[in-house]
Amino acid sequence: MKARAWLGALAALLIAAGAGAYFFRGEIATRIFERSVRQAVGENLRAELPDGLHAIFCGTGSPLPDRTRAGPCLAVLAGQHLFVFDAGDGSSETLQLMGVQQNEIEALFLTHLHSDHIDGLDTVALQHWASGASREQLNVIGPTGTARVVAGLNEAYAIDQGYRLAHHGPDVMPPSGAGMHAAEFALPLADGEELELLNKDGVRIVTFRVMHTPTEAVGYRIEYADRSITISGDTSRSASLTQAAQGTDLLVHEAISPRLDAIMHDASQAAGRDNVSAIFNDILDYHTSPEDAGHVAQQAGAGALALTHLLPQTPIPGLTDTFVQAAKSAYDGPVFVARDGDVISLPLTGGILRSHHLRF
């Protein structure tokens, strides 16, 4: 039974026992906590999933505050190889809550260097080091500028790394595993141009340019055993993305709802927050509507479309239907609005499966 189920069992037990249980609730809670933690600590999401290609949604939000969504993050399990794409604020915590062992991350790829896609890098790097006594730094791969970001974060956390080594010693926190190592690549310039970044054990990862002006931004395609996932990153509707996504099993695409964005714009303007209303106007130019994401999926012949990096936030049940309905107006395949904790699986046996894996 998952930890969440144990917490529910605790609540039911206390209600059934009545007021007399009040004096024992701390002990009851501690016993249930002990049992759930023993199970949770030993969990590894990798062991729960069949051989195949899996999109693990560790952050489906945006820079706008949303308690239910971490900043942009997608982990991909390809066979036994684990990769992460972007690391927004809170994404490391979501990975932990999903049972993803961050010391097993082989590389973290960046789509671009906007703050909301990199402001969780430090925490992922710490967990990569500490959770498995890693002796190698987290490998961070991205477009030009990645090395500068990594160098800055390494310097910012150098003092902390020294403290942790002093606390725990080199066997628990090997000095060689602290921080990150950066690898940069030149941005592909032409539509249809791809750059191969990895090709081993039947796993292939390529990158391609997308349109997120003026940012240098890329998307990625991950292939394993005749199955594929294509990641848009942040982009306006992009011909290069449509080309790269041809025949993909799953297109993971960002989405901004013009209708909901207009509500945010008008409310900001009415409140006299002209700078905020201007931002809501500007972001339409460098993001993609659900309709256009649907057009890309349709033209690429994608097997399914998963919407993420939702703008604006969706705190009210039913708001995500706005995104789904808009995408379905242009795409006749399955459309998912991803939540933190979702996994969309492409088993080697075929088909597509959706599951949810947050422990708490």
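These values consider heavy atoms only, across backbone and side chains, with no hydrogens, waters or symmetry-generated copies. Computed from a predicted structure; not experimentally measured.
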Asks: Kindly compute the distance separating CG (Leu74) from SG (Cys58), expressed to the nearest 0.5 Å.
Replies: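 Answer for the CG-SG pair, Leu74 versus Cys58, is 6.0 Å.
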
Asks: I'd like to know whether Ile205 forms a side-chain contact (heavy atoms from CB on, under 4.5 Å) with Thr207, so could you lay out the CA-CA distance, the side-chain angles of the two residues, the decisive distance to 0.1 Å, and finally the verdict.
Replies: CA-CA 7 Å; Ile205 299 177; Thr207 188; over 6 Å; no

Asks: Can you measure from CG (Leu319) to CG (Asp321) and round to the nearest 0.5 angstrom?
Replies: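 If I round to the nearest 0.5 Å, the distance is 8.5 Å.
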
Asks: Under the criterion side-chain contact (heavy atoms from CB on, under 4.5 Å), which of Leu97, Ile56, Thr94, Val343 is the partner of His357?
Replies: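 Checked Leu97, Ile56, Thr94, Val343 against His357; only one passes side-chain contact (heavy atoms from CB on, under 4.5 Å): Val343.
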
Asks: Do Thr248 and Thr230 have a side chain donor and acceptor closer than 3.5 Å?
Replies: yes

Asks: Might you work through the side chain to side chain donor-acceptor pair (under 3.5 Å) test for Glu93 and Thr123, ending with a clear yes or no?
Replies: CA-CA 8 Å; Glu93 290 84 350; Thr123 313; 4.9 Å; no

Asks: Got a sec: does the CD of Glu155 have more than 12 other heavy atoms crowding it under 6.0 Å?
Replies: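 Open.
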
Asks: Check the pair Gln127, Gln96 against side-chain contact (heavy atoms from CB on, under 4.5 Å), reporting the backbone distance first and the verdict last.
Replies: CA-CA 9 Å; Gln127 292 302 320; Gln96 290 183 66; 3.7 Å; yes

Asks: Please check if any side-chain donor atom of Ser134 sits under 3.5 Å from a side-chain acceptor atom of Asn103, or the reverse.
Replies: no

Asks: Hey, could you give me each pair passing salt bridge (Lys or Arg N to Asp or Glu O under 4.0 Å) that has a residue in residues 121-139? Not counting sequence neighbours.
Replies: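 Every pair satisfying salt bridge (Lys or Arg N to Asp or Glu O under 4.0 Å) with a residue in residues 121-139: there are none.
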
Asks: For residues 292-303, please give each side-chain donor-acceptor pair under 3.5 Å, one per line with the distance, not counting sequence neighbours.
Replies:
{"residue": "Asp292", "atom": "OD1", "partner": "Arg237", "partner atom": "NH1", "Å": "3.3"}
{"residue": "Gln298", "atom": "OE1", "partner": "Asp332", "partner atom": "N", "Å": "3.0"}
{"residue": "Gln298", "atom": "NE2", "partner": "Asp332", "partner atom": "OD2", "Å": "3.3"}

Asks: Applying ring pair (Phe, Tyr, Trp, His ring centres under 6.0 Å) as the test, list every pair that has at least one member in residues 97-118; sequence neighbours left out.
Replies: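 Every ring pair (Phe, Tyr, Trp, His ring centres under 6.0 Å) pair that includes a residue of residues 97-118, provided the two are not neighbours, is Phe85-Phe109, Phe109-Tyr220, His112-His114, His112-His117, His112-His212, His114-His212, His117-His309.
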
Asks: State, without any angle test, whether Asp342 and His356 hold a side-chain donor-acceptor pair at a distance under 3.5 Å.
Replies: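 Present: a donor and an acceptor within the cut-off.
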
Asks: Partners of Arg221 by side-chain hydrogen bond (donor to acceptor under 3.5 Å, both in side chains), sequence neighbours excluded?
Replies: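 For Arg221 the side-chain hydrogen bond (donor to acceptor under 3.5 Å, both in side chains) partners, ignoring immediate neighbours, are Glu223, Ser228.
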
Asks: Using a 3.5 Å cut-off and no angle test, enumerate the donor-acceptor pairs between side-chain atoms of residues 256-282 and protein atoms at least two apart in sequence or in another chain.
Replies:
{"residue": "Ser257", "atom": "OG", "partner": "Leu260", "partner atom": "N", "Å": "3.2"}
{"residue": "Ser268", "atom": "OG", "partner": "Met264", "partner atom": "O", "Å": "2.9"}
{"residue": "Ser277", "atom": "OG", "partner": "Asp274", "partner atom": "O", "Å": "2.8"}

Asks: Within the supplied structure, the quantity of interest is the number of heavy atoms (other residues, nucleotides, ligands) at a distance under 6.0 Å from Arg354 CZ; does it exceed 12?
Replies: yes

Asks: Using a strict 4.0 Å threshold on nitrogen-to-oxygen distance, state whether Glu193 and Arg209 make a salt bridge.
Replies: no

Asks: Does Thr144 form a side-chain contact (heavy atoms from CB on, under 4.5 Å) with Glu216? I'd like the steps, not just the answer.
Replies: CA-CA 8 Å; Thr144 303; Glu216 290 192 356; 3.8 Å; yes

Asks: Does anything in residues 34-84 form a ring pair (Phe, Tyr, Trp, His ring centres under 6.0 Å)? List the pairs, not counting sequence neighbours.
Replies: none

Asks: Go through the side-chain N and O atoms of Asp51 and Gln80 and say whether any donor and acceptor fall under 3.5 Å apart.
Replies: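 No.
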
